[in-house]
Amino acid sequence: MATTMRTRTRYLPLIEAEAGMVLGSPVHISQHGQLRYSLPASHTLTTDNIHQLAAHRAEYLFIAEADTRSDEQVAIDAAHAAKRVMEIFTGADLGDPTMAALFDQVLAYRSA
């Protein structure tokens, strides 16, 4: 039975990107409404890709990397993230659909 490795995503400044890193989301760079450079999610970066991204003035990438935390540590980190998001949204009207959607998105991002 094969097990799949858990991954974790994070934003990374382009200057910290290295060949061999894997994109966690697609990269689309547009200029004047025209797509100039694009890489798909799960693409493994090469040195040439990084140079092209810099030439097109990319600033950050969303990288996927191995998550070596234990299940227990993942649960602890998720609980801390949820507590922090609840603190941030203290006083917010979560009955408002727009605010509730924002809360859900922030919680999902912070819990990853």
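Just so you know, these numbers use all the heavy atoms, side chains as well, and skip hydrogens, waters and symmetry mates.
- Using a 4.5 Å heavy-atom threshold, the side chains of Thr7 and Asp67 count as separate.
- Screening residues 22-32 for side-chain hydrogen bond (donor to acceptor under 3.5 Å, both in side chains), with sequence neighbours left out, gives His28-Ser38.
- Listed by first and then second residue, the salt bridge (Lys or Arg N to Asp or Glu O under 4.0 Å) pairs involving residues 49-62 amount to none (not counting sequence neighbours).
- Every salt bridge (charged side-chain N to carboxylate O under 4.0 Å, His left out) that Asp71 has, sequence neighbours left out, goes to Arg6.
- No side-chain donor-acceptor contact under 3.5 Å links Asp104 to the backbone of Ala101.
- Take Arg10 and apply the salt bridge (charged side-chain N to carboxylate O under 4.0 Å, His left out) test, not counting sequence neighbours, and it matches Glu65.
- Under the 4.5 angstrom side-chain criterion for Ile, Leu, Val, Met, Phe, Trp and Tyr, the cluster partners of Tyr37 are Leu12, Leu14, Met21, Leu23, Val27, Ile29, Leu39, Leu45, Ile50, Leu53, Leu61, Ile63.
- Counting Ile, Leu, Val, Met, Phe, Trp and Tyr side chains that sit under 4.5 Å apart, directly or through other members, Val74 stands alone, with no cluster partners.
- Applying the ring pair (Phe, Tyr, Trp, His ring centres under 6.0 Å) definition to pairs two or more places apart or across chains, those involving residues 62-107 are Tyr11-Phe62, Phe89-Phe103.
- Every residue was checked against the ring pair (Phe, Tyr, Trp, His ring centres under 6.0 Å) condition with Tyr60, not counting sequence neighbours, and none meets it.
- The salt bridge (charged side-chain N to carboxylate O under 4.0 Å, His left out) test applied to Asp96 returns no partner, not counting sequence neighbours.
- Residues that satisfy the side-chain contact (heavy atoms from CB on, under 4.5 Å) test with Ser42, not counting sequence neighbours, are absent from this structure.
- Shown here are the salt bridge (charged side-chain N to carboxylate O under 4.0 Å, His left out) partners of Arg84, two or more places apart in sequence or in another chain: Glu87.
- Remark: Asp77 pairs with Arg69, Gln73 by the side chain to side chain donor-acceptor pair (under 3.5 Å) rule, at least two apart or across chains.
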